Each structure stands twice: as structure tokens, then as C-alpha cells.
Amino acid sequence: MTAPAASDNPVRVRFAPSPTGFIHMGNVRTALFNWLFAGHHNGVFILRIEDTDTERSKTKFEKQLLEDLRWLGLDWNEGIGRNGDFGPYRQSDRYPIYHRYARQLLEEDKAFRCFCSEEELEKVRRAQLERNETPRYCGKCRYLTPAEIETRLKAGTPCTLRLRVRPGGVGFSDLVFGRIDIDTIQISDPVLLRSDNSPTYNFCCVIDDFLMKITHVIRGDGHLSNTHRQILIYEALGAPIPQFAHLSTILGPDGEKLSKRHGATSVEEFKRQGYLPEALVNYLALLGWSPPNEGQEIMSLDEITGQFDLSRVLKSPAIFDNSKLDWMNRTYINKTPDSSLADRAGQFFVDSGLIPAQIDAATHSWLARIIGLVKTRVDHLEQLPGEAAVVYGYATDPPEIDAAALEILSSSDGQAVAREFARLVEGKQSLTPETYREIVAQVKAVTNQKGRGLFHPIRAALTGRGSGPELEKLIPLYEEGSSLNLPRKVMSCRERLRAVLARISHKVS
RNA sequence: GUCCCCAUCGUCUAGCCGGCCUAGGACACCGCGCUUUCAAUGCGGCAACACGGGUUCGAAUCCCGUUGGGGACGCCA
């Protein structure tokens with residue numbers, strides 16, 4: 001890993017999730033855009049963990065998060081697990097820092113102690129709401145005299161630390177939303193330190209971004225209204241204000257916020273279903289962003305990085321469309337070499353009990369060829385073993401035959417072809433594409449069938465299905481599969497024909 | 001309730017510093033071709049500027065309003 005080229009003002013961005021749950025696609029998109037922006041500007045991508053909510057933060061979520069990001073190929077060059085000059089990178093490890101700045105703000109009178117209890121505040125809030133007023137902090141403790149403060153402190157009254165919000169306007173130019181100005185009257189004096197002395201999100205976030213020299217804050221648009229509050233904190237700290245870019249929300253198919261009931265929303269769910277990370281990431285990049293040379297949608301991370309630009313990011317929310325993701329995933333599956341797919345999808349076959357956990361080269365190449373034959377018909381890797389049933393089928397007794405095949409084999413012409421074909425196969429040691437072609441020619445001569453009438457019964461008898469991959473490619477897989485040592489038996493062509501003929505003669509006569 | 005934001009085919013979007021737009025591409029859907037079958041693939045089709053006012057010779061593009069949607073207003077992040 002080479003360090004990015006040092007320049008006067010290197011771009012430094014960060015992804016700062018809270019480990020309070022499994023990471024969903026909206027967060028992944030935020031991480032991705034940060035990663036792309038850093039990459040494009042040859043900057044630094046930092047991973048910071050915001051776990052000031054000790055109730056909900058869990059280390060298992062943090063672990064999963066790191067794994068997910070790595071799987072997606074969104075590695076970071078500074079932060080958790082990587083170190084760097086601005087650590088620690090987990091907020092729960094930074095409390096002394098926050099307290100130092102809290103003390104500073106208090107001393108400078110830019111913050112003040114508030115002795116109002118939560119119940120009191122809640123009461124005021126409800127009353128304001130009832131009167132149809134904007135609920136906001138009443139400012140009761142803003143101007144307590146030193147003596148008043150002293151007595152409350154002595155009495156042990158719990159207090160929070162609040163920022164003393166200045167009158168006037170605050171605004172910023174968001175890189176995607178544009179200029180947003182408001183009056184500070186809209187903002188209540190935000191709590192910096194809770195009554196248990198723990199720092200709040202807005203406070204930590206600003207201090208960290210300041211100390212970590214973050215140049216661009218790219219995050220979800222839920223933070224749009226936090227930004228003004230945070231700018232006021234930057235001001236109080238005398239810290240430079242970074243650039244902001246807010247990303248619109250990703251919605252479910254029904255236009256509602258993405259949630260569990262929309263099916264797969266977390267990275268590990270997509271991974272479990274056999275989506276390729278490159279497809280996922282490519283799809284996500286196109287949600288709210290489009291390349292300048294529109295028309296090319298299938299792009300590698302490198303290509304996207306080269307073209308990425310926040311000015312082309314849309315403000316309006318996007319709906320997550322599974323069918324387009326599936327299309328993209330299919331495209332990537334079909335681009336990937338079969339042997340590499342065998343590596344990536346191997347586990348799905350193991351889990352389905354079709355191949356052993358450890359396989360030899362012969363089995364691997366056999367598996368790769370099966371995948372090559374059926375991969376055009378799956379959306380994601382998890383469906384592969386199901387499609388491989390064309391090869392594994394017939395292991396049941398009686399053999400499974402679909403309606404279309406049964407129909408074909410129930411006609412006397414169809415049966416004649418199948419019988420003649422089976423008879424000739426019996427005379428061969430094993431079936432190869434060459435001997436297969438010879439036999440087909442003979443069957444054709446004997447039965448006088450051709451085209452559909454000839455090939456359909458043969459397919460039906462050999463595969464038990466009315467349709468499927470090319471027979472000439474399937475046949476060697478049957479023959480080779482029957483000699484491999486597999487947890488579930490694959491029948492040779494001859495065995496298949498015997499089984500199916502036994503079944504149909506039983507059924508018809 | 002107050003404040004802020006958003007609005008092009010069913011979906012993702014191009015276009016938006018006005019004329020090249022009878023609005024382009026992709027997904028999905030439908031049809032045709034290729035193929036012994038299916039899948040893949042090739043070709044074609046359907047389908048949108050939320051509404052109402054302005055400004056202008058001219059508006060998807062600029063302004064105002066309406067409607068619809070989202071967010072914020074926490075000792076959550």
C-alpha cells in the first residue's frame with residue numbers, strides 16, 4: 001500500500017458509521033462515494049467508528065462492518081485497524097479529548113452549564129408543541145450568575161454543557177445541495193456534554209473532523225440540518241470548516257425508507273445470496289450519480305474512480321431496484337471466467353451437498369464447466385446449485401422427469417427415438433460428443449425422425465427435461481461426473497437412459 | 001406546528017448557465033430473429049418533463065405558487 005502523494009492540501013474524507021446494526025445499502029453508498037472521492041483526488045479515506053451511543057453499539061457490528069467493507073473492496077488507508085497519525089479512531093477511546101475542548105469552551109464562555117432536568121425540558125417541549133410553536137430550548141440557564149451556578153453545583157444538581165448559540169445567520173454551500181442558509185433562531189443551544197458527562201454526537205463529530213483534518217464531509221442527507229449546528233461548534237472552536245456534501249436517501253421499491261421488510265438490505269445478505277461485490281458496488285455508484293459519458297453503465301471501481309465527481313451527484317432520493325441489480329449481477333457473472341466462478345460459488349455447492357469441501361483439480365474443472373453451462377440462467381451465485389440439477393438430476397428413484405419431457409416421451413414416435421438411442425448407447429463404452437453424433441445419425445436413419453422430432457426425445461430421455469443446455473456439452477459432464485467421487489451421485493448417460501426407460505415403459509404400458 | 005430540502009418513462013438516469021428535445025440511454029415489460037429446446041444474444045416496440053401561473057420570439061431547462069414526497073426541530077447517531 002503506497003501512501004498517497006503529499007500535496008499542499010490533500011483531500012481527507014471519512015466514513016464514520018455507528019456500529020448499532022448491520023450496514024445497509026444506504027450506508028454502503030455513503031462509504032463508496034467517500035472512497036471514490038478520495039480515490040479520484042488521490043486523497044485519504046479514513047474509517048472512524050462513532051460509538052458514543054454505548055447502549056446500542058456492539059463490537060459484533062463493528063467487526064461485521066470491517067469485513068463488509070473489505071469484501072466490497074472499499075479498503076481504507078487510515079483509521080480502525082490501520083492506525084494513522086490522528087487516532088484513536090474509535091470515539092469511545094477519545095473521551096479525554098472531547099472533555100478538553102468542553103472545558104475550553106466553558107472557560108471561554110462559549111458554552112454554559114444547563115441544570116434543567118430531562119423531565120422539565122420534556123414538559124416545556126410538549127407545551128410548545130401544544131401551542132403549535134417550534135419546540136426549542138427555552139434558554140433558561142443561559143444567563144445564570146456565577147453564584148447561582150455555584151450553589152447548584154454544590155447541591156450536586158446534575159447538569160449538561162450546552163453551546164451558547166450566537167444570534168444571526170449560519171449557512172454553507174453544500175457540494176450537492178447548494179447554498180443553505182438559516183437563522184440560528186431555528187437552533188436550540190445544542191447539548192455538548194450529557195449530564196453523565198458523556199459527549200454527544202454533534203460535538204464528537206466536529207472535534208474529530210477538525211482534529212483528523214477532514215477536508216470534505218460526505219454523509220447522508222439526514223445530517224443536512226445537523227450541519228448548521230455543527231458549523232456553530234466549529235466557529236466556537238475556532239476550527240476551519242470543511243466542505244460538506246450530503247447524499248440523498250436510498251429508498252425501498254415502495255418509496256419508503258429502506259428497511260428489513262424490503263428483503264435484503266444488508267451487505268451480508270447480498271453476499272449470502274451470491275451477489276458479486278463488483279456488481280453491487282457498480283450498481284450503487286449509479287444510484288444518484290452518473291458518469292459524464294453516459295451510456296456505459298458497466299464500470300470497474302477504477303473506471304468509476306477516474307470519472308467520479310460530486311457535481312454530478314443528484315439531490316433527489318433514489319429507489320433501490322432489485323431487478324436492475326440482478327441484471328448487473330448477471331452481467332458480471334457472465335463476464336467472470338468459469339474457473340473463477342467455481343472458486344467463488346464453490347461454497348454454495350458444498351452447502352447444497354453437491355461437492356465435498358475439499359475438491360481435486362478434476363472436480364474443480366468439472367464444476368467450472370457445469371457453471372459455464374448454466375450461468376446464463378441465474379441472477380446470483382446461490383441459484384447455481386439449483387440449475388446444476390440438470391447434471392445432478394435422476395439421482396432419485398424414480399428419476400425426476402418434468403412435464404414437458406414426459407409429454408415428449410409419451411408419444412410413440414418419441415419413445416421409438418429414445419429406445420433406439422438407448423439401445424445404441426448400450427453398445428458404447430461411454431458417450432463422447434463424437435460417438436453421440438454418430439449415434440444420433442443412426443437413430444435418425446432408423447426412425448426417420450429429424451430436427452425437433454429427433455432431438456427432443458433424446459434430450460428428454462437424457463436430461464428428464466424439455467429444455468436445457470446444449471446436449472453435446474452436457475454429455476461429457478454426465479460421463480465424467482459419474483466417475484468422480486461426489487457426495488451425491490451423478491449418473492452416466494447409460495444409467496440415465498436405463499432409469500428413464502424403465503420409468504416410461506412402466507407408465508405407458 | 002415551524003424550518004429546510006426534493007420533483008423527467010414503472011425504476012435508475014441524460015439533458016437543466018433557454019433553442020441541437022417531435023426529451024436520449026439502461027433495467028423491467030412486450031414482439032421478432034438466431035438456436036434441435038431453454039437460457040444467453042441481436043433487432044424492434046411500449047413508456048416521462050407532477051400541476052398552475054409568469055419571464056421570453058422561444059422553457060424539461062429561469063421565477064412564483066399549488067400539490068405530492070422527504071428530513072430536522074433529542075442528554076440518538
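Naming convention: chains lettered A, B, ... in sequence-line order (proteins, then strands); numbering from 1 in each chain. The structure presented is a predicted model; accordingly, all values stated were derived computationally and were not measured.
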Does the side chain of A:T20 get closer than 4.0 angstrom to OP1 or OP2 of B:A77 through an N or O atom?
no
Taking the minimum atom-to-atom distance to the side chain of A:R125, which one of B:G74, B:C6, B:A77 wins?
B:G74
Considering every strand shown, what is the Watson-Crick or G-U wobble mate of B:C62 when both distances are under 3.5 Å?
B:G54
Do the charged groups of A:K375 and A:D338 touch, with an N to O distance under 4.0 Å?
yes
With P as the reference atom in both, quote the distance from B:U22 to B:C27 in angstrom, rounded to an integer.
25 Å
A:S188 side chain to A:R136 main-chain N or O, any donor-acceptor pair under 3.5 Å?
no
Do the side-chain N or O atoms of A:T249 get closer than 4.0 angstrom to the phosphate oxygens (OP1, OP2) of B:G70?
no
Can a salt bridge be assigned to the pair A:R90 and A:E50 using a cut-off of 4.0 Å between side-chain N and carboxylate O?
no
With the side chain defined as heavy atoms from C-beta on, A:D321 is closest, among B:A77, B:U11, B:C12, to B:U11
Any-strand Watson-Crick or G-U partner of B:C20, both distances under 3.5 Å
none
Can you find a side-chain donor-acceptor pair between A:Y95 and A:N197 that sits under 3.5 Å?
no
With both distances kept under 3.5 Å, what pairs with B:A7, Watson-Crick or G-U wobble?
B:U67
Using atom C1' in both nucleotides, what's the gap between B:A23 and B:A48 to the nearest angstrom?
9 Å
So which nucleotide from B:A77, B:G15, B:C6 ends up closest to the side chain of A:Y201?
B:A77
On the side chain of A:N226, is there an atom forming a donor-acceptor pair with the base of B:A77 - under 3.5 Å, no angle test?
yes
Presence of donor-acceptor pair under 3.5 Å, side chain of A:S195 and base of B:C75
yes
Any idea which of B:A28, B:C75, B:C4 is nearest the A:S323 side chain?
B:A28
Take the angle between the ring planes of A:F210 and A:Y101 and call it parallel below 30°, perpendicular above 60°, tilted in between.
perpendicular
If you check the A:E297 side chain, which of B:C12, B:A26, B:A7 turns out closest?
B:A26
Pair partner, B:C30 [Watson-Crick or wobble, under 3.5 Å]
B:G44
Could you work out the separation of B:C20 and B:G1 based on their P atoms and round it to a whole Å?
42 Å
Of the nucleotides B:C73, B:C27, B:G15, which has the atom closest to the A:W327 side chain?
B:C27
Classify the nucleic acid contact of A:G453 as base, sugar-phosphate or nothing, counting any heavy atom under 4.0 Å across all strands shown.
nothing
Between A:Q91 and A:T331, the residue closer to the 5' end of RNA chain B by nearest nucleotide is A:T331
Of all the choices, B:C12, B:C75, B:C6, which nucleotide is nearest to the side chain of A:T200 once you look at every atom?
B:C75
In the structure shown, which nucleotide is the Watson-Crick or G-U wobble counterpart of B:U36, with both distances under 3.5 Å?
none
Of A:R229 and A:V191, whose nearest nucleotide on RNA chain B comes first from the 5' end?
A:R229
When both distances are under 3.5 Å in a Watson-Crick or G-U wobble arrangement, the nucleotide paired with B:A72 is B:U2
Chi angles and distances behind the side chain to side chain contact (heavy atoms under 4.5 Å, CB included) call for A:V313, A:F33
CA-CA 10 Å; A:V313 172; A:F33 280 24; 4.1 Å; yes
Identify whether any heavy atom of A:L287 sits under 4.0 Å from a base atom; if not, whether one sits that close to sugar-phosphate; answer base, sugar-phosphate or nothing.
sugar-phosphate
Test applied, salt bridge (Lys or Arg N to Asp or Glu O under 4.0 Å); reference residue, A:D189; option that passes from A:K140, A:K110, A:R113, A:R142
A:R142
If you measure from OG1 on A:T376 to CD1 on A:I371, what distance do you get to the nearest 0.5 Å?
12.5 Å
Applying a 4.0 Å non-hydrogen cut-off, can you work out what A:T52 is touching in the nucleic acid: base, sugar-phosphate, or nothing?
sugar-phosphate
NA contact type, A:C116, heavy-atom cut-off 4.0 Å: base, sugar-phosphate, or nothing?
base
Of the nucleotides B:C4, B:A77, B:A26, which has the atom closest to the A:I182 side chain?
B:C4
Checking A:N282 against A:Y332: is there a side-chain donor and acceptor pair closer than 3.5 Å?
yes
Would you indicate, yes or no, if B:C75 has its OP1 or OP2 atom less than 4.0 angstrom from a side-chain nitrogen or oxygen of A:R162?
yes
So, is A:K257 near the phosphate of B:G71, with a side-chain N or O under 4.0 Å from OP1 or OP2?
yes
Do nucleotides 31-40 of chain B as a string where each nucleotide becomes B, S or -: B if the base has a protein heavy atom under 4.0 Å, S if just the sugar-phosphate does, - if no protein is that close.
-----BBBBS
Taking atom C1' of B:C12 as reference, at what distance in whole Å does atom CD1 of A:I304 sit?
14 Å
Report yes if at least one side-chain N or O of A:K315 is closer than 4.0 Å to OP1 or OP2 of B:C5; otherwise report no.
no
